[in-house]
Amino acid sequence: MSDRRDNEGGDERVSRAYRDVAGERPAAHLDTRILKKARAAAAPRYAHLRAWTRPLAWAATIGLSLAIVLQVTEQPIVEAPTAMQPASDVVLESAEEKRQDLDITQQMRKESPAWTAKPERVEESLAPNMEMLREAENLGPVKASRAQSAAEPAAATALADANTAFCDEEARASAESWLECIAKLEDEQNAEAAKLEREAFNAVYPDAGTP
Amino acid sequence: MLADVSTMHSLRAPLFTPAELTYAAPMVPKTADSALMLRYRDGDVAAFEELYARHKDSVYRYLLRLLQNREAAEDVFQEVWGKVIKARGSYRRTAKFTTFLYRVAHNCFIDYVRKHKRHAMNCQYSDELQMHPGEQPEIVTERLLAKQRLDAALAELPEEQRDAFLLYEEAGLSLDQIAAVTGSNREASKSRLRYATAKLRAAIDEPGDQQ
């Protein structure tokens, strides 16, 4: 220490004298204020929100999951067209549904006098459906002819479906059930429908032969 | 030695007296100031408290003797520690912490002097003196006079010399560190310190001339 003082220009006696008299200290209120400031500066911002972070995250996760589950369960199941099923089939299926609706309506009109009393109203109410049906029927052959080059049997089915859709898909699933459906139509004296269904059947199963 | 220890155990005597324990405490290596500052930067408030406890008195006395006004010293003292707190995020262990701390204190002092043009020169702190227990009144009076002489001599010093002396005595800085803090070179610092010490020595040796 004394070496340092000699080299650097200090004096031991002066230092001792200074140390002896220099004993001032900052007031306690300064200590309090500065330490309070230091604590406030070190505390992370939004620390009071940290306690809520985890519950909020859980609530958000659960809420989102529920919303997704509800969304999925409430959606109607629509079969997407497969690679083997041309887009025209989907349109034709829709057309078939519309046709069935129309048949039911016509049947109800025959059975119930209320329907016959004001037929114009029924026609009005069915007008949008009829229009969609016409569009589908016009669209069907176009789509089918496009698909013809790619898949001939599928196109034939589509063409047949456009004209005849008296047997449902379940009936058309196999040759036997389809033939049963045709026979049923014949039994019901629905010769026109049976004829159309038979044509469609022959287009799909050309080798099956006429029963 | 082993026999002595076993004898002590058998007599149920304590291994260390309280005086020995208080002597042993300073032997524990202290954490470096820079490490404490880095810990405070990472959010450890206790590290700042330790750092503050180590340096608060010397920084306060440095400012008190530079400014020669208690209120001004308290204002600047708070400003200095406020800047240290604010600088914690950008603090890097590039220099000794005391150099950093006293550079901040020195700059705050310069700013204060510039802002207030000329601070009050009356020595409002010169009546303070720490009483030692059992000290005789004559000795206390003698010390008080010595303090007044030293304070008066310090007040008479040019600002640069007083600054260099206080940095040397209070902060324990080397000449190079004093030069870094005051923005001068080593030789200028050495010269200032030497002149300051010589004048203070003269004031201590010849009390009659100072009164």
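Below, read A as the first sequence line, B as the second, and so on, with proteins coming before strands; counting in each chain starts at 1. Fair warning: this is a prediction, and the values are worked out from it, not measured in the lab.
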Angle between ring planes, B/Phe97 versus B/Phe100, binned at 30° and 60°: parallel, tilted or perpendicular? tilted
Return the orientation label for the B/Tyr102 and B/Tyr62 ring planes: parallel under 30°, perpendicular over 60°, tilted otherwise. perpendicular
Winner by heavy-atom pair count (cut-off under 4.5 Å) against chain B, out of A/Ala17, A/Ala42, A/Ala41, A/Pro26: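 Of A/Ala17, A/Ala42, A/Ala41, A/Pro26, A/Pro26 has the most heavy-atom pairs under 4.5 Å with chain B.
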Counting heavy-atom pairs under 4.5 Å to chain A, which of [options] comes out on top?
options: B/Asp44, B/Val84, B/Ile85; result: B/Ile85
options: B/Val59, B/Ile178, B/Asp42, B/Asp57; result: B/Asp57
options: B/Arg192, B/Arg41, B/Glu74; result: B/Glu74

Would you call B/Glu50-B/Arg54 a salt bridge at under 4.0 Å N-O?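 Result for this pair is yes, salt bridge flagged.
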Looking at B/Glu169 and B/Arg61, is there a salt bridge between them, counting it only when a charged N and a carboxylate O are closer than 4.0 Å? no
Proximal component of [X], with respect to chain A [non-hydrogen, under 4.5 Å]:
X: B/Tyr195; result: neither
X: B/Leu51; result: neither
X: B/Arg88; result: side chain

A/Glu197 (side chain) donor-acceptor with A/Cys167 (main chain) under 3.5 angstrom: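 A pair under 3.5 Å: yes.
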Does A/Ser65 use its side chain to pair, donor to acceptor, with the backbone of A/Thr61 at less than 3.5 Å? yes
Sort A/Arg39 into side chain, backbone, both or neither according to what part of it lies under 4.5 angstrom from a heavy atom of chain B.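 Answer is both: backbone and side chain atoms of A/Arg39 are under 4.5 Å from chain B.
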